Structures are given as C-alpha cells and as structure tokens.
Amino acid sequence: MSKVTRIAPSPTGDPHVGTAYIGLFNYVLARASGGRFILRIEDTDRERYNPESEARILETFSWLGLQPDESPDAGGPNGPYRQSERLDSYREHVDRLLAEGKAYRAFETAEELTAMREEQRRRGLDAGYDGRGRNVSAEESARRAEAGEPFVVRLKTPDEGETSFIDRLRGEITIQNREIRDPVILKSDGYPTYHLANVVDDHAMGVNVVMRAEEWITSTPIHVLLYRAFGWELPEFVHMPLLRNPDKNKSKISKRKLDTSVDSYRQQGILPEALLNFLANMGWSMPDGREFFSVQDMIDNFDVDRISLGGPVFDLRKLRHFNARYLKDILELEDVASRVAPLFRERGWNWEDEDELLDIVDLLRPRAETLQDFPGMAAYFFDDDFEYTEEALKKVAAGQAHLEDLEREISMLDVFDFDDIDDLLQGYVQRQGVNIGKVMQPMRSALTGQTSAPGVTEIAFILGKQRVLARIGRALQSITAHLPDDNPQKEAEQRKAEAVAQEGSRG
RNA sequence: GGCCCCUUCGACUAGCGGUUAGGUCACAACCCUUUCAAGGUUGCGGCACGAGUUCGAAUCUCGUAGGGGUCACCA
C-alpha cells in the first residue's frame, strides 16, 4: 500500500532537530512505499506564532534534501497547507459535531477553570475538566453564542469504557475513557486545537500513516474518538521514540540542555548528509548493520519494524564523528571543496586555481570534523603575515642553522615538485645525520607559524618555491626580533632572578 | 500522584529460545610517524532485579525497580 505521511511543524521558533528527525522518517516511509510526503504548517497557536519560523522550517527541509510532495511552497491538490488558512473547514466540522450532539460549547472563563482545578486539588480529586458545560441546553448554548459570549467547543467523550488503538511498534494501547476529559477542540479565538485540526487535515489530505513522536501516545485516544465521531477510517499510528538530552535522566530533548536548532548545526559546519545519517541511526538500523548510508539507501532498505523503542540520547560527539567521516572519506574531494570554498572566500582568501584549493582541502580533511574547521586550519595557506606561536618561534630558533642551509638549497632547486622537495629534505637530513624532527619541526614552524600542521613537504609543495623561501626568510628575521637571546640556560637564570626579586619585594 | 510508554557496555545499537552477547562513538594502550590528525591492532565495558515457562532464556510471561511521557483554550 502506498503510504501518505506528513510532518506537521509549528512555526514557533528555530527549526528543531526533533522535527528533522520525525521528518526524515516520514519522508523515508512515504518514499519507500511510493507514496506522498506532506509538509503542513500547524500555526494554530497565535500566542507562540513566529512569523519568520515558517520560511526557516521550509528552508531547513530544503537544505536537508527532504523535499515534500505537498507543502505551502510546493502547493498540491489538498491545500492550503497552512492551518490558519483552513479555518472554514474546522468550523464546518465543529458545527457538524455540535449539530450531532457529539460536541458542545463550554462557556467557562479561564478564572472559573482555575478555580475548578484549585477545588479539585484541595479535595484530592484527579485534575481535569469535570464536564460541567454539558449541562447547558442546546437552546441556551445557541442563544449565548449568538449573543457573543465567548466559548470553546469541547468533544463529548464517554465517561465509561475504554478506547484502544494499535501502535504499529508497540501493539494495542488502551486507555480508560475516564482519563479523557472532554478536550477542547475549538478555542475561543475560533482557532482549532491540535487534536481537531490534525484529525480533520490528515483525513482531508489522505494521510494514512500518522508517524510522530512518542509524546503523542496519551492523546491518541482523543484522535481516535474524533475519527469515530466523524465516521472516518483510522490511519496507522507509529509513535517514534523521543530524542533525549545527554543528562543523567535522559529527559526529552530540550533547548535548555542541548542545542536543538538545525540552523545552529548548519552554521557550525555540520553537513546535511551527516546530520540525517546520524538521525537515521537514532532508533533505526540497517538490516546489514551498516552505520553509514544515504537517505536513498535508507529508503531502499526501510522497514518500520526495525525501529527500536528506547529513547536515544542525542550525542554531539557521535554527530561530529559522523560529520568527520563524511568530510574525510564519504564525500568526494571536489564536493567537500565546493562547500569549503565559500568559507574561504568569506575571509577574503584567494587561490591560484582549482587544484590548489583541492590540494589544501585534501590535506586538511583528515583533520576536520566540521566545515568550520577548515578556515581555522588553513589561514597560513592564504595569509603570508601570520603570527608565530611562542612554540613555533622556539623551534625556528633551535633550527636556525638548518633553516639557513635549507633556504640556500631550496633556492637552487630548479623543479619544485612534491618529489623534488621531499628528496631535498630527506637528503639534507641524511647528510646532516640528525634526527629528522630537528629539521622538519623548524621548517613547519617557519612555514606555518605553528608547531602542529600537516606534513612539511605537502605544505611546501602547495605554497610553492617563492613563498617557501620568503617564509624561511621571515622566520629567521622574526627570531632575531623576538628572541634576541636564544640561550635557554641564561633565560632560566633570568627567570629565577626575577622570581627572587619578586619574593624580596614582597617580604 | 493517576494514566501510558520504555529498559543490552558511559552513549548509539545488533540480537528476535541454544552466540565466547557482535559493531560504532567515547576512553586507554600500542603500532605507524616529521608535529597534529588520520589509519591499524588491542583493551576497557553490558543483557536493571526477582520469579516463572523451557532440556535451554538477553530473547517468552508475571512482578519489582528505574527512567521517560502525559494529565493546557501549546503543539
């Protein structure tokens, strides 16, 4: 059977990783069955509504590559896809329930409800609406509504018996009807609540699989009751485990304890492929145990029954590991370079040709976890006036003689290819009969201003002969400027003297 | 607290009556090495507990404990 699924985010803030998570599974489930994936904006909460949020959510799905078949952007035969534009439909459906006596207007004010709860609490009763609005006669109800008195509409739910539904992953779930307390389906501002809007829209749009987070399990009976009240066929319910915070108790993922904004991960240089792959492994696994796979691989191998139910902790370390794997060996070099290039350009960095960029990216990518790591590591390729770290200056000073020799030898080198540079360096080390590090570390420091960087030969090759020579020259000048006295022994004595002087001034 | 759901290494998971309980992240050691990474090898570490069913239980049943969710005119 072809499945019609949907993701129904509320435009209340930053696009949430939980939305991306549930969205991914809905997308895959629909695609795997040749069905449709709908994105519907549930903007029925005017209080929390954020006008920028919708566009950002749509953009996020686009960035992730989870393109809906129907959405406010894409349109579709079942639109509009924004609940605020479907108010007439909700109104009609509510009127129908009202007319059939399956729902009723309730005129209590917020104060009255608060007082009711207070009373219940004092008397030790279970909290919840006590159904007092049911007593208003149809005539009176109509008259008061007509007169403009504010009201909500509540669904009349059975006081006795129980309501069951099948959760695809957990089997039958039963809740006593007394636990359900005439929920509000239409708010006093004329907007529907989630329960009503969701059921009405899912039915209208042909959604036949409701796949959402576990937190909805306890309100599913309300939805079942609504489907029945309308005489509609139930969709299949699939409740996904809730993503959890990495705290002790593994509470529901939250902004306070974790970065939940997809945009934020994007800005940090997390790749959409990696984020999706990571999310796919939260509660789902490939039949063959592979951990790295594309969304298409997931679609080709998808099986709802392979979803596990324990709430998975959102582990940043592992996300970063996934991202690193994509950068260093899953994506093509050209692909990575094309994503890194804009970050270099932002800094005003330029390069000779495509090959130079590819060489740099190739050299750096085993060391990068995110896209943002690249500009952090690549500065010395583009900026000739970099600062030297203290450590680097020491290395340069210690290897001054070698650098002077190498400066001379390199200047005489005709061809500056990787092998030629390597031969020169290795040959020099052999002739000098010194430990290779004694030569390479000063070189690395001179070339990069740092003591930790990729291989010297690789860097030298990318820089080219002229820049290498210029850098050796600058490094040698820097040590005379910064470290006029390269005598560790004397330096230590001087420090000691200072310490003693300080001691003296104190006492 | 009532109700509902869940429970395999610290984290993500494989397992679906017979396995030395496997893999990945993290952590540690070693190898490689020109520093930093990457890579390779190895190690560390787990079936929440108790009954029952069975020749045999991580796998099935029940109970206990723990955790989570939910009890809104938010979704």
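Below, read A as the first sequence line, B as the second, and so on, with proteins coming before strands; counting in each chain starts at 1. Computed from heavy atoms alone, side chains included, the values below leave out hydrogens, waters and symmetry copies. Keep in mind the model is a prediction, meaning the values are calculated, not measured.
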Main-chain N/O of A/Ser89 paired to A/His93 side chain as donor or acceptor, under 3.5 Å: yes
Under 3.5 Å, N/O pairs linking protein and nucleotides 69-75 of chain B:
| from | atom 1 | to | atom 2 | distance (Å) |
| --- | --- | --- | --- | --- |
| B/rG69 | OP1 | A/Lys252 | N | 3.1 |
| B/rU70 | OP1 | A/Glu215 | OE1 | 3.4 |
| B/rU70 | OP1 | A/Lys252 | NZ | 3.0 |
| B/rU70 | O4' | A/Thr218 | OG1 | 3.4 |
| B/rU70 | O2' | A/Thr218 | OG1 | 3.4 |
| B/rC73 | OP1 | A/Arg117 | NH2 | 3.4 |
| B/rC73 | O2 | A/Ser188 | N | 2.8 |
| B/rC73 | O2 | A/Ser188 | OG | 2.8 |
| B/rC73 | N3 | A/Ser188 | OG | 3.0 |
| B/rC73 | N4 | A/Glu108 | O | 3.3 |
| B/rC74 | OP2 | A/Lys187 | NZ | 3.0 |
| B/rC74 | O2' | A/Asp45 | OD2 | 2.6 |
| B/rC74 | O2' | A/Arg48 | NH2 | 3.3 |
| B/rA75 | OP1 | A/Thr44 | OG1 | 2.9 |
| B/rA75 | OP1 | A/Lys187 | NZ | 2.6 |
| B/rA75 | OP2 | A/Tyr194 | N | 3.3 |
| B/rA75 | O3' | A/Ser10 | OG | 3.0 |
| B/rA75 | O3' | A/Glu42 | OE1 | 3.2 |
| B/rA75 | O2' | A/Ser10 | OG | 2.9 |

Whole-Å gap separating P (B/rG67) and CG (A/Asn245): 16 Å
Select base, sugar-phosphate, or nothing to describe what A/Met377 touches, counting heavy atoms under 4.0 Å on all strands. nothing
Which residues, if any, of residues 308-315 of chain A bring a heavy atom under 4.0 Å of RNA chain B? A/Ser308, A/Leu309, A/Gly310, A/Gly311, A/Pro312, A/Val313, A/Asp315
Would A/Arg154 pass as a cation-pi partner of A/Tyr129, given that its NZ or CZ must be under 6.0 Å from the six-membered ring centre and within 45 degrees of the axis? yes
Hey, what's the ring geometry for A/Phe461 with A/Phe418, parallel, tilted or perpendicular (30° and 60° as the breaks)? perpendicular
When rounded to the nearest Å, what value does the distance between C1' atoms of B/rU13 and B/rU8 take? 9 Å
Across every strand shown, the nucleotide meeting Watson-Crick or G-U wobble geometry with B/rA65 (both distances under 3.5 Å) is B/rU7
Separation of atom CG in A/Leu319 from atom P in B/rA11, rounded to whole Å: 18 Å
Separation between the P atoms of B/rU61 and B/rG18, rounded to whole Å: 16 Å
N or O in side chain of A/Asn281 less than 4.0 angstrom from B/rU13 OP1/OP2: no
Applying a 4.0 Å non-hydrogen cut-off, can you work out what A/Arg320 is touching in the nucleic acid: base, sugar-phosphate, or nothing? nothing
Is the A/Phe25-A/Tyr21 ring centre distance short of 6.0 angstrom? yes
Does A/Asp126 or A/Met282 map to a spot on RNA chain B nearer the 5' end, using the closest nucleotide for each? A/Asp126
Base-pairing mate for B/rC27 - Watson-Crick or G-U, with both contacts under 3.5 Å: B/rG43
Is A/Glu291 salt-bridged to A/Lys318, going by a charged N under 4.0 Å from an acidic O? yes
Return the value, rounded to whole Å, for the distance between atom CD1 of A/Ile307 and atom C1' of B/rU13. 14 Å
Give me the ring orientation class for A/His223 and A/Tyr194: parallel if the planes are under 30° apart, tilted from 30 to 60°, perpendicular past 60°. tilted
Atom CE of A/Met286 and atom C1' of B/rU24 are separated, to the nearest Å, by 15 Å
Can you check the distance between B/rA48 and B/rU59, where both ends of the measurement are the C1' atom (answer in whole Å)? 16 Å
Between the side chain of A/Asp43 and the main-chain N/O of A/Ser84, is any donor-acceptor distance below 3.5 Å? yes
With rounding to the closest Å, how many angstrom separate the C1' atoms on B/rU19 and B/rC74? 49 Å
Indicate whether the side chain of A/Gln372 and that of A/Gln268 have a donor and an acceptor atom separated by less than 3.5 Å. no
Rounding to the closest angstrom, what is the interatomic distance between B/rG43 and B/rA26 at atom C1'? 14 Å
Salt-bridge criterion met for A/Lys187 and A/Glu47 (N-O under 4.0 Å): no
Nearest-angstrom distance, P atom, B/rC9 to B/rG50: 16 Å
Any side-chain to backbone donor/acceptor pair from A/Thr370 onto A/Gly269? Under 3.5 Å, distance only. no
Determine which nucleotide pairs with B/rU59, using a 3.5 Å limit on both distances of a Watson-Crick or G-U wobble pair. none
Run the numbers on A/Phe278 and A/Arg320 for side chain to side chain contact (heavy atoms under 4.5 Å, CB included), then give the verdict. CA-CA 9 Å; A/Phe278 169 74; A/Arg320 293 177 72 85; over 6 Å; no
Taking atom P in both B/rG52 and B/rG69, what distance in whole Å separates the two? 35 Å
Could I get a table of every N or O pair under 3.5 Å where one atom is in the protein and the other is in nucleotides 31-34 of chain B?
| from | atom 1 | to | atom 2 | distance (Å) |
| --- | --- | --- | --- | --- |
| B/rU34 | O2 | A/Arg444 | NH1 | 3.3 |
| B/rU34 | O2 | A/Arg444 | NH2 | 2.4 |
| B/rU34 | O4 | A/Thr457 | OG1 | 3.3 |

Classify the angle between the aromatic ring planes of A/Tyr388 and A/Phe386 as parallel (below 30°), tilted (30 to 60°) or perpendicular (above 60°). perpendicular
Tell me yes or no: between the side chains of A/Asn50 and A/Thr12, is some donor less than 3.5 Å from an acceptor? no
Once hydrogens and angles are ignored, does a donor-acceptor distance under 3.5 Å link the base of B/rC5 to the side chain of A/Arg170? no
Send over the distance from A/His321 NE2 to B/rC25 C1', rounded to a whole Å. 6 Å
Base-pairing assignment for B/rU53 (Watson-Crick or G-U wobble, both under 3.5 Å): none
Nearest-nucleotide check on RNA chain B, A/Pro241 vs A/Asp329; residue mapping nearer the 5' end is A/Pro241
Expressed in angstrom and rounded to an integer, what is the separation of A/Leu447 atom CG from B/rU35 atom P? 16 Å
Hey, does A/Arg306 reach any base, or is it just sugar-phosphate, or nothing, if we go heavy atoms under 4.0 Å? sugar-phosphate
Who does B/rU20 pair with, Watson-Crick or G-U, both distances under 3.5 Å? none
Do A/Asn323 and A/Tyr265 have side-chain N/O donor and acceptor atoms under 3.5 Å apart? no
Taking CG from A/Leu363 and C1' from B/rC36, how many angstroms apart are they, rounded to a whole number? 11 Å
For atom C1', what is the distance between B/rU24 and B/rG15, given to the nearest Å? 16 Å
Does B/rG2 pair with anything, Watson-Crick or G-U wobble, both distances under 3.5 Å, and if so, with which nucleotide? B/rU70
What is the distance, rounded to the nearest whole Å, between atom CG of A/Asp373 and atom C1' of B/rA38? 14 Å
